[in-house]
Protein chains: 2
Amino acid sequence: MVIEGLKTLLSDDKRVLIKNQFMNGTDTLTYLEKNSADIVLLDVNLPDINGVEMVPKILNIKSNIGIIGLSTYSEPSIINQMIKKGVKGYLLKNVTGEELVDAITQVHQGDFYFSSEIQKILADSVTQESGDLPKLTRREKHILTLIAEGKTTNKIAEELFISPLTVETHRRNLMQKLEVSNAASLIKVAIEKHLI
Amino acid sequence: MVIEGLKTLLSDDKRVLIKNQFMNGTDTLTYLEKNSADIVLLDVNLPDINGVEMVPKILNIKSNIGIIGLSTYSEPSIINQMIKKGVKGYLLKNVTGEELVDAITQVHQGDFYFSSEIQKILADSVTQESGDLPKLTRREKHILTLIAEGKTTNKIAEELFISPLTVETHRRNLMQKLEVSNAASLIKVAIEKHLI
DNA sequence: TGATAACTACCGGTAAATCGGTATTGCTTA
DNA sequence: TAAGCAATACCGATTTACCGGTAGTTATCA
(Lines give C-alpha, C1' and ligand atoms only; values in the text may rest on other atoms or scores of the structure.)
Protein backbone atom coordinates (compact mmCIF):
# COMPACT_ATOMS: atom_id res chain seq x y z
CA MET A 1 0.00 0.00 0.00
CA VAL A 2 2.78 2.37 0.90
CA ILE A 3 4.61 1.45 -2.27
CA GLU A 4 1.53 2.19 -4.32
CA GLY A 5 1.24 5.53 -2.59
CA LEU A 6 4.85 6.32 -3.36
CA LYS A 7 4.45 5.36 -6.97
CA THR A 8 1.39 7.55 -7.31
CA LEU A 9 3.05 10.50 -5.65
CA LEU A 10 6.08 10.19 -7.91
CA SER A 11 4.36 9.29 -11.15
CA ASP A 12 3.40 12.89 -11.88
CA ASP A 13 6.97 14.05 -11.82
CA LYS A 14 9.17 13.26 -14.77
CA ARG A 15 12.41 14.01 -12.92
CA VAL A 16 11.99 10.79 -10.98
CA LEU A 17 12.12 7.31 -12.43
CA ILE A 18 11.10 4.41 -10.23
CA LYS A 19 13.38 1.55 -11.05
CA ASN A 20 12.01 -1.08 -8.75
CA GLN A 21 10.35 -1.75 -5.44
CA PHE A 22 10.50 -4.48 -2.82
CA MET A 23 8.51 -5.52 0.18
CA ASN A 24 11.47 -6.66 2.25
CA GLY A 25 15.13 -6.09 2.96
CA THR A 26 16.80 -9.14 1.47
CA ASP A 27 15.18 -8.75 -1.95
CA THR A 28 16.25 -5.13 -1.98
CA LEU A 29 19.85 -6.03 -1.19
CA THR A 30 20.11 -8.76 -3.80
CA TYR A 31 18.69 -6.38 -6.39
CA LEU A 32 21.12 -3.62 -5.50
CA GLU A 33 24.05 -6.00 -5.80
CA LYS A 34 23.33 -6.47 -9.49
CA ASN A 35 21.59 -3.24 -10.45
CA SER A 36 22.18 0.42 -9.92
CA ALA A 37 20.13 3.13 -8.26
CA ASP A 38 20.68 6.73 -7.27
CA ILE A 39 18.24 6.89 -4.40
CA VAL A 40 16.72 4.32 -2.10
CA LEU A 41 13.52 5.14 -0.25
CA LEU A 42 13.81 2.92 2.79
CA ASP A 43 10.91 2.08 5.04
CA VAL A 44 12.05 1.61 8.62
CA ASN A 45 9.59 -1.17 9.37
CA LEU A 46 10.53 -4.06 7.17
CA PRO A 47 9.38 -7.59 7.84
CA ASP A 48 12.81 -9.19 7.73
CA ILE A 49 15.61 -6.71 8.39
CA ASN A 50 15.57 -3.76 10.72
CA GLY A 51 15.60 -0.47 8.84
CA VAL A 52 18.55 0.82 10.82
CA GLU A 53 20.59 -2.23 9.92
CA MET A 54 19.64 -1.92 6.28
CA VAL A 55 21.50 1.36 5.88
CA PRO A 56 25.07 0.09 6.28
CA LYS A 57 24.21 -3.01 4.25
CA ILE A 58 23.10 -0.85 1.35
CA LEU A 59 26.04 1.51 1.64
CA ASN A 60 28.41 -1.44 1.69
CA ILE A 61 27.12 -2.49 -1.69
CA LYS A 62 27.28 0.97 -3.23
CA SER A 63 28.45 3.79 -1.02
CA ASN A 64 27.16 6.51 -3.33
CA ILE A 65 23.51 5.58 -3.02
CA GLY A 66 21.47 8.24 -1.28
CA ILE A 67 19.18 6.69 1.27
CA ILE A 68 16.03 8.42 2.44
CA GLY A 69 14.39 6.93 5.52
CA LEU A 70 10.65 6.64 5.68
CA SER A 71 8.39 5.83 8.58
CA THR A 72 4.94 6.42 10.00
CA TYR A 73 6.26 7.27 13.39
CA SER A 74 8.91 9.49 14.65
CA GLU A 75 10.96 8.17 17.48
CA PRO A 76 13.99 10.41 17.90
CA SER A 77 16.30 7.58 18.80
CA ILE A 78 15.56 5.72 15.59
CA ILE A 79 16.01 8.79 13.44
CA ASN A 80 19.26 9.54 15.20
CA GLN A 81 20.51 6.04 14.64
CA MET A 82 19.57 6.19 10.97
CA ILE A 83 21.47 9.42 10.51
CA LYS A 84 24.50 7.98 12.25
CA LYS A 85 24.39 5.02 9.92
CA GLY A 86 24.35 7.35 6.95
CA VAL A 87 20.90 8.20 5.65
CA LYS A 88 20.78 11.44 3.72
CA GLY A 89 17.16 12.22 4.37
CA TYR A 90 14.20 11.26 6.46
CA LEU A 91 10.47 11.69 5.87
CA LEU A 92 7.20 10.75 7.48
CA LYS A 93 4.62 8.95 5.42
CA ASN A 94 2.23 11.87 5.49
CA VAL A 95 4.65 13.68 3.18
CA THR A 96 3.25 15.44 0.12
CA GLY A 97 4.29 14.52 -3.40
CA GLU A 98 5.98 17.87 -3.78
CA GLU A 99 8.07 17.44 -0.66
CA LEU A 100 8.94 13.91 -1.65
CA VAL A 101 10.33 15.01 -5.01
CA ASP A 102 12.18 17.85 -3.28
CA ALA A 103 13.79 15.39 -0.92
CA ILE A 104 14.82 13.07 -3.72
CA THR A 105 16.36 15.81 -5.86
CA GLN A 106 18.18 17.37 -2.94
CA VAL A 107 19.63 14.09 -1.79
CA HIS A 108 20.56 13.28 -5.36
CA GLN A 109 22.53 16.53 -5.50
CA GLY A 110 24.45 15.40 -2.45
CA ASP A 111 22.55 17.48 0.07
CA PHE A 112 20.61 16.36 3.10
CA TYR A 113 16.86 16.58 3.39
CA PHE A 114 14.78 16.28 6.52
CA SER A 115 11.14 17.23 6.54
CA SER A 116 10.08 20.00 8.89
CA GLU A 117 8.47 17.50 11.24
CA ILE A 118 11.65 15.49 11.44
CA GLN A 119 13.68 18.63 12.02
CA LYS A 120 11.41 19.54 14.87
CA ILE A 121 11.77 16.10 16.39
CA LEU A 122 15.53 16.25 16.07
CA ALA A 123 15.65 19.70 17.62
CA ASP A 124 13.52 18.53 20.53
CA SER A 125 15.67 15.48 21.07
CA VAL A 126 18.78 17.64 21.24
CA THR A 127 17.33 19.96 23.85
CA GLN A 128 15.84 17.13 25.84
CA GLU A 129 19.13 15.28 25.53
CA SER A 130 17.07 12.12 25.26
CA GLY A 131 18.71 10.90 22.12
CA ASP A 132 22.01 9.83 23.57
CA LEU A 133 22.12 6.12 24.08
CA PRO A 134 24.48 5.02 26.80
CA LYS A 135 26.77 2.23 25.70
CA LEU A 136 26.10 -0.93 27.61
CA THR A 137 28.46 -3.87 27.55
CA ARG A 138 27.32 -7.32 26.51
CA ARG A 139 27.23 -8.49 30.10
CA GLU A 140 25.29 -5.45 31.20
CA LYS A 141 22.68 -5.93 28.49
CA HIS A 142 22.29 -9.55 29.48
CA ILE A 143 21.88 -8.75 33.14
CA LEU A 144 19.48 -5.95 32.24
CA THR A 145 17.16 -8.40 30.53
CA LEU A 146 17.37 -10.76 33.49
CA ILE A 147 16.44 -7.93 35.84
CA ALA A 148 13.51 -7.12 33.57
CA GLU A 149 12.40 -10.73 33.90
CA GLY A 150 12.07 -10.16 37.60
CA LYS A 151 15.08 -12.17 38.66
CA THR A 152 16.86 -11.19 41.84
CA THR A 153 20.57 -10.55 42.13
CA ASN A 154 21.07 -13.98 43.64
CA LYS A 155 19.11 -15.77 40.93
CA ILE A 156 21.06 -13.97 38.26
CA ALA A 157 24.34 -14.83 39.93
CA GLU A 158 23.38 -18.50 40.02
CA GLU A 159 22.32 -18.45 36.42
CA LEU A 160 25.56 -16.86 35.21
CA PHE A 161 27.83 -18.76 37.60
CA ILE A 162 29.25 -15.56 39.04
CA SER A 163 29.19 -13.94 42.44
CA PRO A 164 26.11 -12.00 43.53
CA LEU A 165 28.47 -9.18 44.35
CA THR A 166 29.50 -9.00 40.73
CA VAL A 167 25.89 -8.89 39.62
CA GLU A 168 25.35 -6.04 42.03
CA THR A 169 28.24 -4.15 40.51
CA HIS A 170 26.74 -4.56 37.05
CA ARG A 171 23.42 -3.46 38.43
CA ARG A 172 24.93 -0.30 39.82
CA ASN A 173 26.76 0.45 36.62
CA LEU A 174 23.54 0.02 34.68
CA MET A 175 21.68 2.40 36.95
CA GLN A 176 24.50 4.89 36.75
CA LYS A 177 24.64 4.75 32.96
CA LEU A 178 20.90 5.19 32.61
CA GLU A 179 20.84 7.78 35.37
CA VAL A 180 18.25 6.17 37.56
CA SER A 181 18.20 5.04 41.16
CA ASN A 182 16.24 1.84 41.18
CA ALA A 183 15.33 -1.17 39.11
CA ALA A 184 11.82 -0.02 38.28
CA SER A 185 12.92 3.13 36.51
CA LEU A 186 15.92 1.29 35.11
CA ILE A 187 13.55 -0.96 33.20
CA LYS A 188 11.38 1.93 32.16
CA VAL A 189 14.14 4.01 30.59
CA ALA A 190 15.79 0.90 29.17
CA ILE A 191 12.59 0.17 27.28
CA GLU A 192 12.20 3.81 26.27
CA LYS A 193 15.69 3.82 24.86
CA HIS A 194 15.08 0.48 23.14
CA LEU A 195 17.84 -1.22 25.05
CA ILE A 196 15.68 -4.22 25.82
CA MET B 1 1.16 8.40 1.09
CA VAL B 2 -0.93 5.63 2.56
CA ILE B 3 -4.07 7.33 1.32
CA GLU B 4 -2.62 7.53 -2.17
CA GLY B 5 -1.77 3.86 -1.96
CA LEU B 6 -5.29 3.03 -0.90
CA LYS B 7 -6.78 5.09 -3.70
CA THR B 8 -4.58 3.40 -6.25
CA LEU B 9 -5.37 -0.06 -4.97
CA LEU B 10 -9.09 0.67 -5.05
CA SER B 11 -9.27 2.68 -8.25
CA ASP B 12 -9.16 -0.43 -10.43
CA ASP B 13 -12.26 -1.85 -8.89
CA LYS B 14 -15.60 -0.39 -9.82
CA ARG B 15 -17.41 -1.94 -6.85
CA VAL B 16 -15.75 0.53 -4.56
CA LEU B 17 -16.29 4.27 -4.55
CA ILE B 18 -14.02 6.41 -2.45
CA LYS B 19 -16.11 9.18 -1.02
CA ASN B 20 -13.49 11.08 0.90
CA GLN B 21 -10.27 10.83 2.85
CA PHE B 22 -8.77 12.58 5.85
CA MET B 23 -5.40 12.81 7.49
CA ASN B 24 -6.72 12.97 11.06
CA GLY B 25 -9.49 11.87 13.35
CA THR B 26 -11.38 15.09 14.01
CA ASP B 27 -11.86 15.93 10.33
CA THR B 28 -13.13 12.41 9.77
CA LEU B 29 -15.66 12.69 12.57
CA THR B 30 -16.98 16.08 11.48
CA TYR B 31 -17.38 14.75 7.95
CA LEU B 32 -19.21 11.65 9.10
CA GLU B 33 -21.63 13.74 11.12
CA LYS B 34 -22.93 15.39 7.97
CA ASN B 35 -22.26 12.79 5.30
CA SER B 36 -22.83 9.11 4.90
CA ALA B 37 -20.50 6.22 4.27
CA ASP B 38 -20.77 2.46 4.21
CA ILE B 39 -17.21 1.61 5.16
CA VAL B 40 -14.48 3.47 6.98
CA LEU B 41 -10.87 2.40 6.50
CA LEU B 42 -9.33 3.52 9.74
CA ASP B 43 -5.60 3.88 10.26
CA VAL B 44 -4.65 3.10 13.84
CA ASN B 45 -1.90 5.70 13.98
CA LEU B 46 -3.58 9.04 13.65
CA PRO B 47 -1.92 12.29 14.65
CA ASP B 48 -4.73 13.51 16.88
CA ILE B 49 -6.97 10.71 18.09
CA ASN B 50 -6.01 7.19 19.01
CA GLY B 51 -7.33 4.65 16.52
CA VAL B 52 -8.91 2.57 19.25
CA GLU B 53 -10.81 5.56 20.57
CA MET B 54 -11.95 6.50 17.09
CA VAL B 55 -14.04 3.35 16.72
CA PRO B 56 -16.74 4.11 19.32
CA LYS B 57 -16.77 7.76 18.22
CA ILE B 58 -17.54 6.71 14.67
CA LEU B 59 -20.11 4.13 15.71
CA ASN B 60 -21.81 6.72 17.93
CA ILE B 61 -22.39 8.87 14.88
CA LYS B 62 -23.68 6.05 12.70
CA SER B 63 -23.77 2.61 14.17
CA ASN B 64 -24.15 0.86 10.83
CA ILE B 65 -20.81 1.97 9.43
CA GLY B 66 -18.42 -0.91 8.90
CA ILE B 67 -14.99 -0.04 10.21
CA ILE B 68 -11.88 -1.77 8.94
CA GLY B 69 -8.75 -1.18 10.97
CA LEU B 70 -5.48 -0.62 9.19
CA SER B 71 -1.97 -0.56 10.57
CA THR B 72 1.64 -1.25 9.71
CA TYR B 73 2.21 -3.21 12.83
CA SER B 74 0.44 -5.95 14.53
CA GLU B 75 0.32 -5.79 18.27
CA PRO B 76 -2.24 -8.32 19.47
CA SER B 77 -3.49 -6.13 22.30
CA ILE B 78 -4.33 -3.29 19.95
CA ILE B 79 -6.12 -5.57 17.53
CA ASN B 80 -8.03 -7.11 20.41
CA GLN B 81 -9.05 -3.73 21.70
CA MET B 82 -10.19 -2.64 18.26
CA ILE B 83 -12.35 -5.72 17.88
CA LYS B 84 -13.87 -5.17 21.30
CA LYS B 85 -14.71 -1.62 20.29
CA GLY B 86 -16.46 -2.88 17.21
CA VAL B 87 -14.29 -3.00 14.11
CA LYS B 88 -15.52 -5.46 11.51
CA GLY B 89 -12.18 -6.08 9.88
CA TYR B 90 -8.49 -5.56 10.28
CA LEU B 91 -5.69 -5.44 7.72
CA LEU B 92 -1.99 -4.77 7.55
CA LYS B 93 -0.72 -2.19 5.12
CA ASN B 94 1.05 -4.75 2.99
CA VAL B 95 -2.38 -5.95 1.88
CA THR B 96 -2.96 -6.55 -1.83
CA GLY B 97 -5.62 -4.67 -3.77
CA GLU B 98 -7.55 -7.85 -4.22
CA GLU B 99 -7.64 -8.63 -0.52
CA LEU B 100 -8.56 -5.05 0.26
CA VAL B 101 -11.60 -5.18 -2.01
CA ASP B 102 -12.52 -8.56 -0.54
CA ALA B 103 -12.42 -7.12 2.93
CA ILE B 104 -14.54 -4.14 1.98
CA THR B 105 -17.22 -6.18 0.23
CA GLN B 106 -17.38 -8.75 3.02
CA VAL B 107 -17.70 -6.13 5.72
CA HIS B 108 -20.29 -4.32 3.63
CA GLN B 109 -22.32 -7.53 3.55
CA GLY B 110 -22.24 -7.58 7.32
CA ASP B 111 -19.50 -10.17 7.68
CA PHE B 112 -16.16 -9.90 9.39
CA TYR B 113 -12.85 -9.88 7.59
CA PHE B 114 -9.43 -10.39 9.07
CA SER B 115 -6.42 -10.97 6.88
CA SER B 116 -4.55 -14.21 7.34
CA GLU B 117 -1.71 -12.45 9.13
CA ILE B 118 -4.11 -10.90 11.58
CA GLN B 119 -5.83 -14.22 12.14
CA LYS B 120 -2.49 -15.77 12.93
CA ILE B 121 -1.69 -13.01 15.41
CA LEU B 122 -5.04 -13.40 17.08
CA ALA B 123 -4.65 -17.16 17.29
CA ASP B 124 -1.21 -16.76 18.85
CA SER B 125 -2.48 -14.26 21.35
CA VAL B 126 -5.21 -16.63 22.44
CA THR B 127 -2.84 -19.51 23.03
CA GLN B 128 -0.27 -17.31 24.73
CA GLU B 129 -3.04 -15.85 26.86
CA SER B 130 -1.21 -12.55 26.63
CA GLY B 131 -4.24 -10.60 25.60
CA ASP B 132 -5.99 -10.45 28.92
CA LEU B 133 -5.54 -7.06 30.51
CA PRO B 134 -5.92 -7.04 34.26
CA LYS B 135 -8.20 -4.29 35.46
CA LEU B 136 -6.34 -1.71 37.50
CA THR B 137 -8.10 0.87 39.57
CA ARG B 138 -7.48 4.59 39.09
CA ARG B 139 -5.32 4.72 42.17
CA GLU B 140 -3.32 1.70 41.13
CA LYS B 141 -2.62 3.14 37.70
CA HIS B 142 -1.46 6.36 39.25
CA ILE B 143 0.85 4.63 41.68
CA LEU B 144 2.11 2.42 38.88
CA THR B 145 3.30 5.44 36.92
CA LEU B 146 4.94 6.87 40.02
CA ILE B 147 6.79 3.61 40.57
CA ALA B 148 7.91 3.70 36.95
CA GLU B 149 9.31 7.16 37.57
CA GLY B 150 11.58 5.64 40.16
CA LYS B 151 9.82 7.01 43.19
CA THR B 152 10.02 5.05 46.42
CA THR B 153 7.05 4.04 48.51
CA ASN B 154 7.75 6.86 50.94
CA LYS B 155 8.02 9.49 48.21
CA ILE B 156 4.78 8.33 46.67
CA ALA B 157 3.05 8.40 50.05
CA GLU B 158 4.20 11.96 50.62
CA GLU B 159 3.08 13.00 47.18
CA LEU B 160 -0.39 11.52 47.57
CA PHE B 161 -0.80 12.47 51.23
CA ILE B 162 -1.45 8.89 52.25
CA SER B 163 0.34 6.42 54.46
CA PRO B 164 3.36 4.55 53.08
CA LEU B 165 1.63 1.42 54.25
CA THR B 166 -1.24 2.13 51.92
CA VAL B 167 1.12 2.63 49.02
CA GLU B 168 2.67 -0.68 49.86
CA THR B 169 -0.70 -2.36 49.72
CA HIS B 170 -1.36 -0.90 46.29
CA ARG B 171 2.07 -2.03 45.24
CA ARG B 172 1.35 -5.57 46.28
CA ASN B 173 -2.01 -5.58 44.58
CA LEU B 174 -0.38 -4.34 41.39
CA MET B 175 2.22 -7.08 41.51
CA GLN B 176 -0.43 -9.66 42.20
CA LYS B 177 -2.62 -8.49 39.34
CA LEU B 178 0.25 -8.49 36.87
CA GLU B 179 1.61 -11.72 38.29
CA VAL B 180 5.10 -10.55 39.06
CA SER B 181 7.19 -10.45 42.19
CA ASN B 182 9.09 -7.20 42.01
CA ALA B 183 8.95 -3.68 40.69
CA ALA B 184 11.33 -4.25 37.79
CA SER B 185 9.17 -6.87 36.12
CA LEU B 186 6.07 -4.99 37.18
CA ILE B 187 7.16 -2.10 35.00
CA LYS B 188 8.16 -4.38 32.18
CA VAL B 189 4.84 -6.18 31.89
CA ALA B 190 2.93 -2.96 32.52
CA ILE B 191 4.63 -1.45 29.49
CA GLU B 192 4.11 -4.62 27.47
CA LYS B 193 0.41 -4.53 28.27
CA HIS B 194 0.26 -0.82 27.51
CA LEU B 195 -0.87 0.04 31.00
CA ILE B 196 1.60 2.89 31.26
C1' DT C 1 52.62 -4.54 23.20
C1' DG C 2 50.64 -1.31 26.15
C1' DA C 3 46.63 1.07 27.44
C1' DT C 4 41.79 0.82 28.02
C1' DA C 5 37.68 -1.31 28.81
C1' DA C 6 35.20 -5.27 30.60
C1' DC C 7 34.42 -8.50 33.94
C1' DT C 8 35.15 -10.06 38.10
C1' DA C 9 34.89 -9.62 43.39
C1' DC C 10 34.77 -7.87 48.18
C1' DC C 11 33.27 -5.15 52.71
C1' DG C 12 30.13 -2.70 55.60
C1' DG C 13 26.15 -0.25 56.15
C1' DT C 14 21.50 1.77 55.16
C1' DA C 15 17.32 1.94 52.84
C1' DA C 16 13.70 -0.06 50.58
C1' DA C 17 10.92 -3.68 49.10
C1' DT C 18 8.47 -7.87 49.66
C1' DC C 19 5.55 -11.25 52.25
C1' DG C 20 1.61 -12.76 55.17
C1' DG C 21 -2.10 -11.56 57.44
C1' DT C 22 -5.79 -8.34 58.92
C1' DA C 23 -9.13 -4.59 59.04
C1' DT C 24 -11.93 -0.19 58.66
C1' DT C 25 -14.28 3.13 55.88
C1' DG C 26 -16.54 4.97 51.94
C1' DC C 27 -18.45 4.57 47.40
C1' DT C 28 -21.13 2.34 43.84
C1' DT C 29 -24.34 -0.36 41.75
C1' DA C 30 -27.10 -4.40 40.86
C1' DT D 1 -30.04 -1.56 50.59
C1' DA D 2 -26.82 -5.13 50.87
C1' DA D 3 -22.90 -6.79 48.50
C1' DG D 4 -18.75 -5.75 46.42
C1' DC D 5 -15.07 -3.08 45.34
C1' DA D 6 -11.81 0.67 46.17
C1' DA D 7 -9.05 3.02 49.16
C1' DT D 8 -7.23 3.40 53.31
C1' DA D 9 -4.15 1.53 57.16
C1' DC D 10 -1.42 -1.42 60.41
C1' DC D 11 2.09 -5.09 62.42
C1' DG D 12 6.12 -8.01 62.32
C1' DA D 13 9.59 -10.25 59.87
C1' DT D 14 12.68 -11.29 56.05
C1' DT D 15 14.74 -10.44 51.88
C1' DT D 16 16.54 -7.68 48.50
C1' DA D 17 18.28 -3.57 46.78
C1' DC D 18 21.14 0.41 46.93
C1' DC D 19 25.37 3.19 48.19
C1' DG D 20 30.42 4.18 48.62
C1' DG D 21 34.60 2.67 48.04
C1' DT D 22 38.19 -0.51 46.30
C1' DA D 23 40.69 -3.71 43.42
C1' DG D 24 42.45 -7.90 40.81
C1' DT D 25 42.19 -10.35 36.36
C1' DT D 26 41.17 -10.87 31.67
C1' DA D 27 40.16 -9.27 26.92
C1' DT D 28 40.79 -6.44 23.19
C1' DC D 29 42.18 -3.33 20.03
C1' DA D 30 44.89 0.51 18.43
Side-chain angles (χ1 to χ4, degrees), chain A residues 53 56 59-60 81 84-86 132-196, chain B residues 56 84 132-196:
Chain A
E53 290 164 25
L59 293 176
N60 273 338
Q81 285 178 64
K84 273 182 194 155
K85 297 287 185 185
D132 53 338
L133 297 181
K135 275 156 212 154
L136 303 187
T137 68
R138 205 177 311 155
R139 202 54 152 177
E140 283 166 351
K141 277 182 201 165
H142 189 191
I143 287 173
L144 180 57
T145 62
L146 296 176
I147 294 171
E149 286 168 17
K151 285 169 183 152
T152 66
T153 296
N154 280 310
K155 283 268 170 59
I156 295 171
E158 274 178 42
E159 201 170 319
L160 302 183
F161 303 108
I162 57 178
S163 161
L165 299 163
T166 304
V167 177
E168 229 179 272
T169 304
H170 286 306
R171 234 186 151 102
R172 272 152 64 180
N173 291 337
L174 279 165
M175 291 197 291
Q176 209 167 62
K177 285 186 180 178
L178 300 203
E179 296 173 329
V180 295
S181 59
N182 61 39
S185 44
L186 175 70
I187 298 307
K188 194 193 148 212
V189 315
I191 293 175
E192 276 173 4
K193 291 181 187 292
H194 305 277
L195 296 170
I196 294 186
Chain B
K84 274 182 193 156
D132 54 339
L133 298 180
K135 275 157 212 155
L136 303 187
T137 68
R138 205 177 313 155
R139 202 55 153 177
E140 283 166 353
K141 276 181 200 164
H142 190 193
I143 287 174
L144 180 57
T145 62
L146 296 176
I147 294 171
E149 286 167 17
K151 285 170 181 151
T152 66
T153 296
N154 281 310
K155 284 268 169 60
I156 294 171
E158 275 178 40
E159 201 171 319
L160 302 183
F161 303 107
I162 56 177
S163 161
L165 298 163
T166 305
V167 178
E168 232 180 87
T169 304
H170 286 305
R171 234 187 150 100
R172 271 152 65 181
N173 291 337
L174 279 166
M175 291 198 292
Q176 210 166 62
K177 285 186 180 178
L178 299 204
E179 296 172 331
V180 295
S181 59
N182 61 38
S185 44
L186 175 69
I187 298 307
K188 195 194 148 213
V189 316
I191 293 175
E192 275 173 6
K193 292 182 186 291
H194 305 277
L195 296 171
I196 295 187

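Letters A, B, ... are given to chains in the order of the sequence lines, protein chains preceding strands, and every chain is numbered from 1.
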Closer than 4.0 Å, any side-chain N/O of [X] to the OP1 or OP2 of [N]?
X	N	result
A:Thr166	C:dA9	yes
B:Thr137	D:dA7	yes
B:Arg171	C:dT18	yes
A:His170	C:dC7	no
A:Arg139	C:dT8	yes
A:Ser163	C:dC10	yes

From the options [options], select the nucleotide whose nearest atom is closest to the side chain of [X].
X	options	result
A:Met175	C:dC19, D:dA9, D:dC18	D:dC18
B:Ala183	C:dC7, D:dC18, C:dT18	C:dT18
B:Arg138	C:dT8, D:dA7, C:dC19	D:dA7
A:Thr153	D:dC10, C:dC11, D:dA17	D:dA17
A:Asn154	D:dA9, D:dT16, D:dC19	D:dT16

With a 4.0 Å cut-off on heavy atoms, is [X] in touch with a base, just the backbone sugar-phosphate, or nothing at all?
X	answer
A:Arg172	base
B:Ser181	sugar-phosphate
A:Ile162	sugar-phosphate

### Message
If you compare all heavy atoms of B:Pro134 against all heavy atoms of B:Leu178, which two are closest, and at what distance to 0.1 Å?
### Response
CG-CD2, 3.0 Å
### Residue whose closest nucleotide on DNA chain D lies nearer the 5' end, B:Leu136 versus B:Thr169
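Residue closer to the 5' terminus by nearest nucleotide: B:Leu136.
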### Message
Between B:Glu140 and A:Asn182, which residue's closest nucleotide on DNA chain D lies nearer the 5′ terminus?
### Response
B:Glu140
### pair B:Asn173-B:Thr137: side-chain heavy atoms closer than 4.5 Å
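No. Closest side-chain heavy atoms not under 4.5 Å.
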### Query
Does any non-hydrogen side-chain atom of A:Arg172 lie less than 4.5 Å from one of A:Gln176?
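A side-chain contact under 4.5 Å is absent here.
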### Message
Return whichever of A:Lys177 or A:Phe161 has its heavy-atom-nearest nucleotide of DNA chain C closer to the 5' end.
### Response
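Nearer the 5' end of the strand: A:Lys177.
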### Query
With no hydrogens and no angle check, is any side-chain donor or acceptor of A:Lys177 less than 3.5 Å from a backbone partner on A:Lys135?
yes
### Message
For the backbone of B:Ser185 and the side chain of B:Asn182, can you confirm whether one donor and one acceptor N or O come within less than 3.5 Å of each other?
### Response
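Indeed, once roles are kept as given, a pair shorter than 3.5 Å links the two residues.
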#### Entry: base_contact_polar (D:dC19 base, A:Glu168 side chain, donor-acceptor, <3.5 Å)
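Looking at the base of D:dC19, it does pair with a donor or acceptor on the side chain of A:Glu168 (distance under 3.5 Å).
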